[in-house]
Protein chains: 2
Amino acid sequence: MAGPRRRTVRDLRRNNRATVLRKLYFDGPLSRQELGPLTALSSGSISNVVSELVADGLLEEAGSVDSDGGRPRTLLRVAPHCGHLAGVDIGETRVRVELFDLTLNELACVDAPLPDGHHDAQDVVRIVASGLAQVLGEAKVAPDALIGVGIGVPGIVDASDAGGAVGAVVHGQAIGWDAVPLEAMLRDRGELPPELPLFVDNGAKTLGLAEMWFGAGRGARTAVVTLIGSGVGACVIADGVPYQGSSGSAGEWGHTTLRVGGRRCRCGARGCLEAYVGAEALLERWRESGGHWTSTDEEGALAELLADPGAGELLDETAEFLGAGIADLVNLFNPERIVVGGWAGLLLGPRLLEPVRRAAAAYALRHPYAQTTIELGRLGPDAVTVGAATLPLARFLAEGGAAITSGEPIVSGAS
Amino acid sequence: MAGPRRRTVRDLRRNNRATVLRKLYFDGPLSRQELGPLTALSSGSISNVVSELVADGLLEEAGSVDSDGGRPRTLLRVAPHCGHLAGVDIGETRVRVELFDLTLNELACVDAPLPDGHHDAQDVVRIVASGLAQVLGEAKVAPDALIGVGIGVPGIVDASDAGGAVGAVVHGQAIGWDAVPLEAMLRDRGELPPELPLFVDNGAKTLGLAEMWFGAGRGARTAVVTLIGSGVGACVIADGVPYQGSSGSAGEWGHTTLRVGGRRCRCGARGCLEAYVGAEALLERWRESGGHWTSTDEEGALAELLADPGAGELLDETAEFLGAGIADLVNLFNPERIVVGGWAGLLLGPRLLEPVRRAAAAYALRHPYAQTTIELGRLGPDAVTVGAATLPLARFLAEGGAAITSGEPIVSGAS
DNA sequence: CGCGCCCGGATCACGCTGTGAATTTACCCG
DNA sequence: CGGGTAAATTCACAGCGTGATCCGGGCGCG
């Protein structure tokens, strides 16, 4: 597979650039002085690295603060407009393209509805490409000012190079995609700069990333963001980076078995977590127990369920299943934090969180459970684009903002 | 917690030493010539690094092979006696201390039985210390020729520094240990060289490591080694290193819930995997369904179960549970390989492997399942010591064989 | 038997790195 | 206007990997 790759003394500089850039990105404006201890670099190196970064336009000065009686320290920050990022959310019902500056402020956004059911991949690719062109135009950003594009898709993304096609391949049963070489198709249109970093990952994972960077997961080094919507998924963060597994399809928590031989799940197996706590399955169970609703969308229906005093038992049972599922995560991953997200998760949260915590405590081992907190997500489902944009951003920071041209094929899931 | 640490140009050399050392360790004798492409180092660097390592006594020449018409290449290999490793297995019924050379050949071994039930930690520590002294004496190895000691314990090892005590703290319900600061106790005896690297980890995990290094897991970068004995555990390897979680207690697969509200498990929860496929639980279930045995030990009893033609249904059910449990691992971790080990796993393997594969295929998602192979372990339960010795060895290789003196507190779980 | 060839390995000049002390710069205060 | 102070830069130094060059051992050809 991948040959061993470690190189020269130049990489030191790249790493130090990355360290400085990251520190400055996350921990606000800092002076060169403070940067030293924080990055374990000597004052000399800080000076060199910073002036290089300033020359490259990645850093800018941001005022200064007095230092009693001496030269004031000048603060540094990442220049928000030194590059732009795009996030794409390919959902089951719409495509959403959003343009951000480096600090992930929204600059422009377009939404394109998608007809129900199967989506011809070619069509979707066209929509994405024109959406990108549109947001760039709206915000008056040149295409080569794009640092990278992240795309969240509904389905499993295979980052392994199997199949011959270069780049990410998407298997999305929900929208009828089977081994769609999304990255190659997008590139082949020739509208994007040929070397533009392109990242494709599961939409649930990108949502999880957003939650980790800017939501309830902030600060945790190892965490699991659970996403409960119509179906159920999860995004596992180990040591600050998404855990990918051998082919990028790790974290399929929804199809974890909670009852051997139990309810039939839409994946074909029996007793999956999703078959009990996914919104679709939950409503189905409500109907079976005599519930009914008038809303035409799942979201409204679920709200009606929550308002029904007769659904208490159903909800308690759901909490037990969800708690047991979370306990599995606690036992297997031993995270510091578990975030319950997804539109259904956020809707159910206020009602279920406490019973879920109790169930998780009962089902999990004491020791790892004591290390974990279970919290509600803080970001809505629209954060998929933000999370997707996070992918090229992470790469950008990790490279120290270097011109990304060389070697290493750019593939989804690259950390 | 841990401040950011990255340093100087000297680390480059350390890394390259490590790369060369590792390559040579795993892929047998190689010439300097071959080493170049394999480590992505220039011939000059290879020359420098190798001569340094030879001067340090870590490498030695191992014959030469003709190169048609030119100067023959001299082969290099790691010097097996340039250092020694000790592995300790603290089991529920005995302590086992084994001494290895660098290639993990056994040099000496002592076994000390432990009385049943609770074990006073102080006693165990004494036994370990004297065991170490004994194997060193038997093999005529000086204590400072020890590269490090690895210890496998039955219980959860907390590597986080909570509690004030420096070093690994062990929570072992099975032997009545609660927050035993094993590392500190061992060091406080003062018999070991004060800077000797000491690693403590769960015995199941060290067994898993052994399987990864020398058994059925060889070559896989991400894998899960499942360990079925009286109880059930697992060792998760992500990208070649053990996945630890936030406090080192990840991989508690045995207490994953397979049936919400199901059988009571000895951990207190209901429906754990262990409550169905652990040997203890399996025998219990056999008894409930009318089985009986004459052996006094679980191993013999399990053999009798396997020989009983009337137990077919029970075994099929067990296979379904085990398959579902493995499917959970496949869905969550997306490994390239799953190894079924542990004494009970190995005993049940020939009978159960096929039905387990079928069940796993049914319960897991198609895509990740297609990426995985499910295999039997190849190492017996005695490999705990080998796996434990693997811990300091990994550190030794990662440090490029550098004198391990400085900085970084030496703690279990350090990768 | 001797010569030339060929290839593995060592050497060396070069450009690059981070370090840390000395130096310069910028601002406040009296 | 000059002294004091602390931030930021500069600079000599040691160390690294690179890759061209050099050395030397053994084979095959004449």
Side-chain angles (χ1 to χ4, degrees), chain A residues 4-21 23-24 29-55 59-77 400 402 406-407, chain B residues 4-21 23-24 29-55 59-77 400 402 406-407:
Chain A
R5 59 188 59 177
R6 28 196 85 204
R7 294 269 167 105
T8 95
V9 46
R10 226 108 121 211
D11 299 341
L12 273 193
R13 185 58 139 250
R14 184 176 2 248
N15 276 337
N16 288 339
R17 282 175 63 122
T19 314
V20 169
L21 215 50
K23 199 74 200 167
L24 242 24
L30 291 167
S31 72
R32 296 165 170 83
Q33 194 69 199
E34 301 161 295
L35 229 34
L38 257 31
T39 57
L41 255 37
S42 71
S43 61
S45 295
I46 292 285
S47 211
N48 283 336
V49 170
V50 164
S51 66
E52 213 181 276
L53 287 171
V54 168
L59 252 40
E60 61 185 23
E61 305 201 336
S64 58
V65 299
D66 287 8
S67 69
D68 43 15
R71 175 175 176 175
R73 40 197 144 198
T74 65
L75 297 178
L76 297 163
R77 69 156 164 247
S406 65
Chain B
R5 57 187 59 177
R6 29 195 84 204
R7 297 271 169 103
T8 94
V9 47
R10 227 107 122 209
D11 299 342
L12 273 193
R13 184 56 140 254
R14 185 177 2 248
N15 276 337
N16 288 339
R17 281 175 63 122
T19 314
V20 168
L21 215 50
K23 199 75 202 165
L24 242 25
L30 291 166
S31 72
R32 294 165 171 82
Q33 193 69 197
E34 300 162 295
L35 228 34
L38 257 31
T39 57
L41 254 39
S42 71
S43 65
S45 294
I46 291 286
S47 213
N48 283 336
V49 171
V50 164
S51 65
E52 212 181 276
L53 287 170
V54 169
L59 252 40
E60 60 186 24
E61 303 202 336
S64 60
V65 299
D66 288 7
S67 70
D68 43 15
R71 176 175 173 176
R73 44 197 140 196
T74 66
L75 297 178
L76 297 163
R77 70 156 164 246
S406 66

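Side chains are part of it too, since the values below use all heavy atoms of this structure and drop only hydrogens, waters and symmetry mates. Note on naming: letters A, B, ... go to the chains in the order of the sequence lines (proteins, then strands), and numbering restarts at 1 for each one.
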Looking only at side-chain atoms of [X], point me to the closest of [options].
{"X": "B:S47", "options": "C:dG9, C:dA10, D:dC16", "answer": "C:dA10"}
{"X": "A:S42", "options": "D:dG17, D:dA8, C:dG18", "answer": "C:dG18"}
{"X": "B:T8", "options": "D:dG17, C:dT19, D:dT9", "answer": "C:dT19"}
{"X": "A:R13", "options": "C:dG9, D:dT18, C:dT17", "answer": "C:dT17"}
{"X": "B:R10", "options": "D:dA8, D:dG15, C:dG8", "answer": "D:dG15"}

Worksheet item: Do A:R17 and A:L53 have side-chain heavy atoms sitting under 4.5 Å apart?
Response: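 They are in contact (side-chain heavy atoms under 4.5 Å apart), so the answer is yes.
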Worksheet item: Do B:L76 and B:L30 come close enough that some side-chain heavy atom pair is under 4.5 Å?
Response: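 No, side chains not in contact.
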Practice prompt. Report which part of the nucleic acid A:S43 touches: base, sugar-phosphate, or nothing (heavy-atom distance under 4.0 Å, all strands).
Written response: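 Contact class for A:S43: base.
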Item to complete: Using a 4.0 Å heavy-atom cut-off across all strands, classify A:T74 as base, sugar-phosphate, or nothing.
Response: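 Touches sugar-phosphate only.
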Protein-nucleotide distance ([X], atom [atom1]; [N], atom [atom2]), rounded to Å:
{"X": "A:N48", "N": "C:dG20", "atom1": "CG", "atom2": "P", "result": "14 Å"}
{"X": "B:N15", "N": "C:dT17", "atom1": "CG", "atom2": "P", "result": "18 Å"}
{"X": "B:Q33", "N": "D:dG25", "atom1": "CD", "atom2": "P", "result": "17 Å"}
{"X": "A:L76", "N": "D:dA7", "atom1": "CG", "atom2": "C1'", "result": "12 Å"}
{"X": "A:R73", "N": "D:dT9", "atom1": "CZ", "atom2": "C1'", "result": "17 Å"}
{"X": "A:L35", "N": "D:dA7", "atom1": "CG", "atom2": "C1'", "result": "13 Å"}
{"X": "A:E52", "N": "D:dT10", "atom1": "CD", "atom2": "P", "result": "14 Å"}
{"X": "A:L12", "N": "C:dG15", "atom1": "CG", "atom2": "C1'", "result": "14 Å"}

Worksheet item: Any side-chain N or O of B:N16 less than 4.0 Å from the OP1 or OP2 oxygen of D:dG17?
Response: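 It does, given that an N or O in the side chain of B:N16 lies less than 4.0 Å from OP1 or OP2 of D:dG17.
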Name the pairs: protein N/O against N/O of nucleotides 24-27 of chain C, kept only if under 3.5 Å.
unit_1	atom_1	unit_2	atom_2	d
C:dT25	O2	A:R71	NH1	3.0

Fill in: A:R32: which of A:L41, A:V20, A:I46 passes side chain to side chain contact (heavy atoms under 4.5 Å, CB included)
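With A:R32 as partner, A:L41, A:V20, A:I46 yield a single side chain to side chain contact (heavy atoms under 4.5 Å, CB included), made by A:I46.
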Worksheet item: What's the shortest heavy-atom distance between A:T39 and A:L35, and which atoms?
Response: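 Nearest pair, atom of A:T39 first, then A:L35: OG1-O, 2.7 Å.
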Worksheet item: Once you build an axis from the first five pairs and another from the last five of the helix from C:dC1-D:dG30 to C:dG30-D:dC1, how far apart in angle are they, to 10 degrees?
Response: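 Its terminal axes enclose an angle near 20°.
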Worksheet item: Taking it one step at a time, do A:R13 and A:E52 satisfy salt bridge (charged side-chain N to carboxylate O under 4.0 Å, His left out)?
Response: CA-CA 10 Å; A:R13 185 58 139 250; A:E52 213 181 276; 3.0 Å; yes
Worksheet item: Toward the 5' end of DNA chain C, which comes first, A:V9 or B:R32, by nearest nucleotide?
Response: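 With A:V9 and B:R32 compared, the 5'-side residue is B:R32.
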